[in-house]
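In what follows, a single structure is set out as structure tokens and then discussed.
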Amino acid sequence: AKQIKLNEHLYRVFKESNKYKLIYSGRLMERKNVPIILDAINKLENKNEYTLIVLGDGPEKEKILRKSKIYGIDTKITGFIEDQSQLFASYYHGDILILPSKDDPWGLVVNEAMVAGLPILVSKNVGSARDLIHEGINGYTFDYNDVDELVRYIKVIYKNGKENMGDKSKNIIKEWN
């Protein structure tokens, strides 16, 4: 998937993003709990160096854009990505996948992002968390309503080297495919 070139729109999204690129992939709906990612970025000392890149769309879009504006956080919402190969290719351009769902039977985006070598931050309420996240190895699980825990893990991943955790993600998901 890395060989696939991003289309013009997605290429611009990533090119115009800040140094640190946090990815959320999926529908923007209440149970996906995306606003907590903004709450976490807002608590980072260098929040202006982060971009939240949302690969998707949904009914919560306006709410998320409003909150981003209030916090002064760079947030880019791609809209629904119909071409699956473009969605997969997008993961290679991000740093960390965050899936903070209040309730998610599995969360296939976790598998996809791991194949692309991303560290994963996922709420304990996501079904795949138990099987795919090896705490401190390829990512962390957190309580979906604990902003401070999410902030701590974002910092830890950048401090300890996201590449290393990303490589571990690739190795773990290989066992699954």
Side-chain angles (χ1 to χ4, degrees), residues 1 6-18 20-44 47-116 118-129 132-133 139-151 153-154 157 169:
L6 289 179
N7 65 36
E8 188 62 33
H9 167 62
L10 290 171
Y11 175 78
R12 254 198 332 275
V13 164
F14 284 95
K15 187 162 175 40
E16 293 167 9
S17 293
N18 292 321
Y20 303 113
K21 297 167 181 65
L22 303 177
I23 288 186
Y24 165 81
S25 181
R27 295 263 304 141
L28 294 173
M29 47 209 280
E30 202 273 331
R31 75 177 174 87
K32 296 290 191 171
N33 197 32
V34 176
I36 197 175
I37 303 173
L38 295 170
D39 295 336
I41 295 171
N42 195 47
K43 287 188 156 203
L44 295 162
K47 72 176 182 180
N48 60 334
E49 294 182 51
Y50 286 82
T51 297
L52 171 59
I53 298 170
V54 173
L55 305 173
D57 208 338
E60 294 261 294
K61 178 180 176 176
E62 291 312 314
K63 179 182 171 186
I64 287 158
L65 288 173
R66 264 196 313 277
K67 192 167 204 169
S68 300
K69 199 172 175 163
I70 291 164
Y71 284 162
I73 293 168
D74 183 39
T75 299
K76 305 209 181 329
I77 299 177
T78 63
F80 177 71
I81 301 172
E82 210 163 320
D83 181 346
Q84 281 296 301
S85 66
Q86 286 293 302
L87 177 61
F88 281 128
S90 296
Y91 292 119
Y92 289 90
H93 297 269
D95 294 337
I96 302 170
L97 177 86
I98 305 178
L99 186 59
S101 309
K102 295 175 182 177
D103 168 45
D104 220 319
W106 181 260
L108 195 61
V109 297
V110 173
N111 301 59
E112 296 168 353
M114 285 175 69
V115 169
L118 289 185
I120 310 293
L121 291 174
V122 62
S123 96
K124 292 178 170 112
N125 294 37
V126 173
S128 60
L132 298 181
I133 307 310
Y140 296 93
T141 59
F142 61 95
D143 287 314
Y144 75 83
N145 56 359
D146 191 337
V147 181
D148 294 324
E149 195 177 17
L150 182 53
V151 169
Y153 291 144
I154 291 170
I157 289 177
S169 274

Exercise for the section: Kindly give the heavy-atom pair with the smallest separation between P100 and N33, and that separation in Å. Expected result: O-ND2, 2.9 Å
Handout entry: Residues that D148 engages under side-chain hydrogen bond (donor to acceptor under 3.5 Å, both in side chains), provided they are two or more places apart
Key = K43
Practice task
Could you grab the distance from atom CD1 of I41 to atom CG of L52, nearest 0.5 Å is fine?
Solution key: 5.0 Å
Practice task
For a side-chain contact (heavy atoms from CB on, under 4.5 Å) with N42, tell me which candidate from I73, V151, V147 qualifies.
Solution key: I73
Donor-acceptor pairs under 3.5 Å, side chain of residues 58-67 to any protein atom, not counting sequence neighbours: which ones?
unit_1	atom_1	unit_2	atom_2	d
K67	NZ	D39	OD1	2.9
K67	NZ	D39	OD2	3.4

Handout entry: Flag, side chain of N7 to backbone of L10, donor-acceptor distance under 3.5 Å
Key = yes
Fill in the blank from the handout: d(L87 CG, I81 CD1) to nearest 0.5 Å is 5.0 Å
Practice task
Go through the structure and list residues passing ring pair (Phe, Tyr, Trp, His ring centres under 6.0 Å) with Y20, not counting sequence neighbours.
Solution key: Y50, Y158
Exercise for the section: Applying side-chain contact (heavy atoms from CB on, under 4.5 Å), name anything that partners E8, two or more places apart in sequence or on another chain. Expected result: R12
Handout entry: Partners passing side-chain hydrogen bond (donor to acceptor under 3.5 Å, both in side chains) against S90 (at least two apart in sequence or in another chain)
Key = none
Fill in the blank from the handout: So CD1 of I77 and CG of D57: to nearest 0.5 Å the spacing works out to 7.0 Å
Handout entry: side-chain hydrogen bond (donor to acceptor under 3.5 Å, both in side chains) partners of E149, counting only residues at least two apart
Key = none
Return all side-chain donor-acceptor pairs below 3.5 angstrom for residues 121-128, not counting sequence neighbours, or 'none' if the list is empty.
unit_1	atom_1	unit_2	atom_2	d
S123	OG	S101	O	2.5
S123	OG	N125	N	3.1
N125	ND2	K102	O	2.7
S128	OG	W106	O	2.8

Exercise for the section: Could you pull out all residues at least two apart from K21 that satisfy side-chain hydrogen bond (donor to acceptor under 3.5 Å, both in side chains)? Expected result: none
Exercise for the section: For I157 and I96, work out which heavy atoms get closest and say how close. Expected result: CG2-CD1, 3.7 Å
Exercise for the section: Output yes when a side-chain donor or acceptor of N18 lies under 3.5 Å from a complementary backbone atom of D74, and no otherwise. Expected result: no
Exercise for the section: Output every pair passing salt bridge (charged side-chain N to carboxylate O under 4.0 Å, His left out) with a member in residues 79-100, not counting sequence neighbours, ordered by first then second residue. Expected result: D95-K162
Fill in the blank from the handout: Here the pair of heavy atoms bringing L118 nearest to G94 is CD2-O, 3.2 Å
Completion exercise
For T78 and G56, the nearest pair of non-hydrogen atoms, with its separation, is OG1-N, 3.2 Å
Problem - Straight-line distance of L38 CG to Y24 OH, nearest 0.5 Å - result: 12.0 Å
Practice task
Can you sort out the partners of Y153 under ring pair (Phe, Tyr, Trp, His ring centres under 6.0 Å), two or more places apart, ordered by chain and number?
Solution key: Y140
Exercise for the section: Please list, chain by chain and in numerical order, all residues satisfying salt bridge (Lys or Arg N to Asp or Glu O under 4.0 Å) with R27, sequence neighbours excluded. Expected result: none
